[in-house]
Amino acid sequence: MPELPEVETVRRGLAPVLENRILKTITVRRRDLRFPVPAQLAKRLTGVRVTALERRAKYILIRFSDGHVAILHLGMSGRIKIFPQGHEITQEPHDHIVMTTDHNDSVVFNDPRRFGSLLLTSDNALADHKLLKGLGPEPLDAAFDAKLLASRLKGRHTPIKAALLDQRTVAGLGNIYVCESLFRAGISPRRQARTVQGGRAVKLHQAIQEVLREAIAAGGSTLRDHRQPDGELGYFQHHFAVYGRAGEACPDCHCHSEKSSGIKHIVQSGRSTFYCARKQR
DNA sequence: CTCCTGTCCTGCCGGC
DNA sequence: TGCCGGCAGGACAGGA
């Protein structure tokens, strides 16, 4: 589920609840997530103050005053629920981790498919952590420009769709926002990555940043289960130009007519791709 | 190295 | 109505 905009939305919802708070209780109901939740996690973090919530790619980093850093990934179906102090905590299936702060707010990590993970490291080991080490640039950082994107795509003999899904190229894009970015840039998902240089790289860079910024502003996209931590729905899904719209006409286009059948749905490296063959080359 | 496929897990939806 | 196959927003591990 969650790509960069959804993860950023979760981070923003979580920050006011956790920052500068001491974790009073941490309950791990299921440890067998994508990676086992460290057995000592609760013991290490209980009674420690949270100093900051950050995001790197699709990871949420929870920093603690003693140098610990918790690395949270929501996988495909992970969700964060917040129960403000005084509200009844309703339990649901797949509530794997529950924590409560010294303000009596509760934070619940729910993940039916258990592709998510919660790991623990320390500030000085963070940069070298195996999950973070190979990640490409943050797409919304100033350091990420068209030139850097082009250099990351140079020489790559894989479709641009696959290259952008690869977190080592740019970190944080997933299936939806890759499709949407390629549409906006007018680039076919089947185009060889190495041919996205010069003007095409400029357009793609701009499209990626626009799509991500707009999606964050909309609180992310809600397909099945993404909600903001306060329960509000994200609404960027209403702005999808191509994702999930096979057979429809794409915006301002005559791709759906007697002679063409609208937005195409193909499968690339095992994932659905949606695009307009008329606008994307 | 790079690239591609299989795999983990549960829930839901459409078709028969 | 009920069952079953296929598919889902991710990304690692391992093979070619």
Side-chain angles (χ1 to χ4, degrees), chain A residues 1-11 29-37 55-60 71-80 92-96 109-119 129-136 139 151-182 189-194 208 211-212 215-216 218-228 233-247 265-274:
Chain A
M1 163 199 60
E3 304 182 30
L4 188 152
E6 290 75 35
V7 176
E8 177 61 19
T9 301
V10 170
R11 186 197 69 78
R29 298 218 173 88
R30 264 199 101 136
R31 293 187 48 222
D32 56 337
L33 306 185
R34 178 68 160 82
F35 306 106
V37 178
R55 181 189 55 73
R56 172 74 173 111
K58 299 173 194 169
Y59 296 94
I60 289 173
I71 306 175
L72 174 67
H73 196 287
L74 303 174
M76 289 277 263
S77 56
R79 211 153 72 86
I80 292 288
E92 291 178 296
H94 315 297
D95 283 347
H96 305 313
F109 175 59
N110 178 287
D111 184 10
R113 292 174 73 180
R114 285 186 282 123
F115 287 172
S117 57
L118 180 63
L119 294 179
H129 193 279
K130 64 165 185 169
L131 293 179
L132 305 182
K133 200 166 47 177
L135 290 174
S151 76
R152 298 236 139 204
L153 297 172
K154 198 176 164 195
R156 297 188 57 180
H157 287 250
T158 195
I160 184 66
K161 167 82 189 306
L164 292 178
L165 279 180
D166 183 341
Q167 300 297 295
R168 293 169 301 186
T169 311
V170 184
L173 297 175
N175 208 30
I176 292 177
Y177 297 107
V178 167
C179 289
E180 292 298 314
S181 299
L182 286 171
R190 315 166 71 148
R191 172 177 284 280
Q192 287 277 299
R194 65 195 164 88
I208 289 170
V211 167
L212 293 178
I216 290 170
S221 304
T222 305
L223 262 61
R224 291 168 190 79
D225 45 20
H226 166 72
R227 283 164 183 270
Q228 306 188 31
L233 297 171
Y235 57 89
F236 190 72
Q237 67 279 10
H238 303 302
H239 299 281
F240 292 169
V242 289
Y243 188 85
R245 296 188 180 279
H265 176 218
I266 61 173
V267 175
Q268 292 179 290
S269 47
R271 316 285 308 272
S272 277
T273 298
F274 299 89

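All values derive from a computational prediction rather than experimental measurement. So you know, we letter chains A, B, ... as the sequences are listed, proteins then strands, and number each from 1.
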Next on the checklist: At a heavy-atom distance below 4.0 Å, which nucleotide of DNA chain B is the first touched by chain A, and which is the last?
Outcome noted: dC3(B) to dG11(B)

Checklist entry - Residues in ring pair (Phe, Tyr, Trp, His ring centres under 6.0 Å) with His239(A), at least two apart? => result Phe236(A)

Next on the checklist: Rounded to whole Å, please give me the gap between CG in Asn175(A) and C1' in dG10(C).
Outcome noted: 10 Å

Item to check | Distance, rounded to the nearest Å, where Ile176(A) contributes CD1 and dA8(C) contributes P | outcome: 11 Å

Item to check | Arg55(A): side-chain contact (heavy atoms from CB on, under 4.5 Å) partners, not counting sequence neighbours | outcome: Leu4(A), Val7(A), Glu8(A), Arg11(A), Glu138(A)

Checklist outcome for this item: Across all chains, not counting sequence neighbours, the side-chain contact (heavy atoms from CB on, under 4.5 Å) partners of Pro189(A) are Lys161(A), Leu182(A), Gln268(A), Thr273(A), Tyr275(A), Gln280(A)

Checklist entry - Expressed in whole Å, how much space separates the P atoms belonging to dG14(C) and dC9(B)? => result 16 Å

Checklist entry - Got a sec, which residues hit side chain to side chain donor-acceptor pair (under 3.5 Å) with Tyr177(A), two or more places apart in sequence or on another chain? => result Glu6(A), Ser221(A)

Checklist entry - How far does CG of Leu212(A) sit from CD of Glu3(A), to the nearest 0.5 angstrom? => result 8.5 Å

Item to check | salt bridge (charged side-chain N to carboxylate O under 4.0 Å, His left out) partners for Arg114(A), two or more places apart | outcome: Asp32(A)

Between N or O atoms, less than 3.5 Å apart, protein on one side and nucleotides 11-15 of chain C on the other: list the pairs.
residue: dA11(C); atom: OP1; partner: His73(A); partner atom: NE2; Å: 2.6
residue: dA11(C); atom: OP2; partner: Lys58(A); partner atom: NZ; Å: 2.7
residue: dC12(C); atom: O4'; partner: Arg34(A); partner atom: NH2; Å: 2.6

Checklist entry - In chain order, what residues pass the side chain to side chain donor-acceptor pair (under 3.5 Å) check against Thr169(A), with sequence neighbours excluded? => result Arg156(A)

Checklist entry - Partners of Arg34(A) by side-chain contact (heavy atoms from CB on, under 4.5 Å), sequence neighbours excluded? => result Ser117(A)

Next on the checklist: With salt bridge (Lys or Arg N to Asp or Glu O under 4.0 Å) as the rule and sequence neighbours excluded, what pairs involving residues 167-182 of chain A come up?
Outcome noted: Asp166(A)-Arg168(A)

Item to check | Sequence-distant partners of Asp95(A), side-chain contact (heavy atoms from CB on, under 4.5 Å), two or more places apart | outcome: Arg29(A), Lys81(A), Gln91(A), Glu92(A), Val108(A), Asn110(A)

Checklist entry - Counting any heavy atom closer than 4.0 Å, what does Tyr177(A) reach on the DNA or RNA strands: base, sugar-phosphate only, or nothing? => result nothing

Checklist entry - If you write DNA chain B from 5' to 3' in dot-bracket form, with Watson-Crick or G-U pairs under 3.5 Å, [ ] for crossing pairs and | for pairs with another strand, what do you get? => result .|||||||.|||||||

